[in-house]
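First comes the structure, then the notes that go with it.
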Amino acid sequence: MRTLITGGGGFIGSHLCERFLAEGHSVICVDNFITGTLSNLDGFRNDPRFSFVGHDISHPLQIRGPIDNVLHFASPASPVDYLNYPIQTLKVGSLGTHNTLGLAKAKGARYLVASTSEVYGDPEVHPQREDYWGHVNPVGVRGVYDEAKRFSEAMVMAYYRTHNVNTHIVRIFNTYGERMRLDDGRVLPNFMGQALRGDPLTIYGDGSQTRSFCYVSDLVEGIFRLLFTDHHDPVNLGNPEEVTILEFAQEIRAMSGSASTIAYKPLPADDPKIRKPDISKARQLLGWEPKVNRHEGLARTLRYFQEKVASEQTRKIAKGA
Ligand code: NAD
Ligand code: UDP
């Protein structure tokens, strides 16, 4: 099979490229590296079944030959990134989704889009089930991401209903692991970077807000299973183990043996107060369940960031900073 993955140079996308190659697919990775990193491809860049297309998927893309699967994962994903690139985020969620759907339709390919728990906004239903319509501020700062993803879901369903494209929608809840950028601004790279450098861990608000963190290999397994089903409605994938951000900071600090203090900063606008996936549908439909518990996933990710921080410090010393 030949599988095209947009955003394949990003955190999740690069793990997907690796997984599809391991399953024997040829993989075409499409990325413009607005938030991704070339080194994410290091482990498989030389595989003869891997090819890279440098392209902004908000513009149409033509690919020669057959394609069996199109996975649309391109989009800034961290709140800091999508606030830095609001218009690019809206375009890749809308035009990028349209372009990738057009490609899937032309090739008769399976299609899967990366949606998000952010479609539920600041939720008034807890845990979040797929039939909850959400509570999103369309004109707030996060609206550029949330509404792009909501539009994306609507466009995907329209292509399924109108053109009978074999579409799939995964609603991803906070996922972490190796190949996240140390400076992407999300809570885990921030806390790990700060703990490893001995800087204060920055908690936004009072730290009572919750998130539920899923290790990347679990997510990739769920995506792989979902793609080969005949299910077209959205499916939540995430780890329902919920934690407050204060507890999360303390956990990372203890795990890294850091003496960092905690610094409280203002809570960003529209920051969801609670988030936890209801994964009953994924359990039933895919026989899927997260396997990597938070302690194990965090330990693996911490080893990755230890190397990143060490090489950052070596570079600083070399520059005489
Ligand atoms: P990431 O920033 O590491 O990866 C996104 C990739 O998309 C980057 O390589 C970036 O360069 C690329 N990209 C962005 N706009 C593009 C464009 N116009 N053309 C081509 N490439 C473009 O983020 P991630 O965490 O790996 O997220 C991947 C996908 O999963 C995103 O769609 C995101 O919305 C979704 N998602 C992620 C999470 C999470 O917790 N990581 C949660 C929910 C949804
Ligand atoms: N957060 C924090 N300190 C940080 C970064 C984030 O307290 O240095 C909080 C943020 O306000 C949010 C949670 O951690 O409540 C998760 O933030 P993240 O940016 O990782 O993603 P989100 O789940 O909000 O999309």
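No experiment lies behind these values; they were computed from the predicted model shown. For this chain, numbers begin at 1 and follow the sequence in order. Read the numbers this way: they start at 1 and go in the same order the structure lists the ligands and their atoms.
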query: After noting the C-alpha distance and the side-chain angles of S115 and R171, does the key distance pass the side chain to side chain donor-acceptor pair (under 3.5 Å) rule?
result: CA-CA 5 Å; S115 186; R171 290 187 180 151; 4.6 Å; no

Going by atom types alone, do [X] and [Y] pair a side-chain donor with an acceptor below 3.5 Å?
| X | Y | answer |
| --- | --- | --- |
| Y120 | E130 | no |
| T202 | Q194 | yes |
| N137 | R142 | no |

Within the structure, is a non-hydrogen atom of [X] found at a distance of less than 4.0 Å from ligand 2?
| X | value |
| --- | --- |
| R142 | yes |
| S78 | no |
| R275 | yes |

For [atom], the protein heavy atom that lies nearest, with its residue and separation:
| atom | result |
| --- | --- |
| atom 3 (N) of ligand 2 | T202 O, 2.6 Å |
| atom 20 (O) of ligand 2 | V187 N, 2.8 Å |
| atom 1 (N) of ligand 2 | Y204 CD1, 3.4 Å |
| atom 16 (C) of ligand 1 | N32 OD1, 3.3 Å |
| atom 34 (O) of ligand 1 | Y145 OH, 2.6 Å |
| atom 18 (N) of ligand 1 | D56 OD1, 2.7 Å |
| atom 4 (O) of ligand 1 | G10 CA, 3.4 Å |
| atom 37 (C) of ligand 1 | I12 CD1, 3.6 Å |
| atom 10 (C) of ligand 1 | T35 OG1, 3.2 Å |

task: Check ligand 2 against N190 and write out every atom of the ligand that is under 4.0 Å from a heavy-atom position of the residue.
output: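 Near N190, meaning under 4.0 Å from one of its heavy atoms, ligand 2 has 4 (C), 5 (C), 8 (O).
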
Only heavy atoms count here, so choose which of [options] is nearest to [atom].
| atom | options | answer |
| --- | --- | --- |
| atom 5 (C) of ligand 1 | G13, G36, S75 | S75 |
| atom 27 (O) of ligand 1 | S78, A114, A77, G177 | A77 |
| atom 12 (C) of ligand 2 | D271, L201, D206 | D271 |
| atom 9 (C) of ligand 2 | E118, R186, Q209 | Q209 |

Proximity to ligand 1 by part of [X], non-hydrogen separation under 4.0 Å:
| X | value |
| --- | --- |
| N174 | backbone |
| K149 | side chain |
| F33 | backbone |
| Q88 | neither |

query: Given that the side chain starts at C-beta and the backbone is N, CA, C, O, which of these parts of L188 lies under 4.0 Å from ligand 2, counting heavy atoms, or is it both or neither?
result: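 Neither part.
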
Non-hydrogen atom of [X] closer than 4.0 Å to ligand 1:
| X | result |
| --- | --- |
| S117 | no |
| H55 | yes |
| K91 | no |
| D31 | yes |

message: Please report whether ligand 2 has a polar contact with Y82, defined as an N or O pair separated by less than 3.5 Å (distance criterion only).
response: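 Between Y82 and ligand 2 (N or O atoms, distance only) the closest approach is not under 3.5 Å.
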
query: Can you tell if the side chain of I274 reaches within under 4.5 Å of the side chain of E242, non-hydrogen atoms only?
result: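 In short, these two side chains touch, coming nearer than 4.5 Å.
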
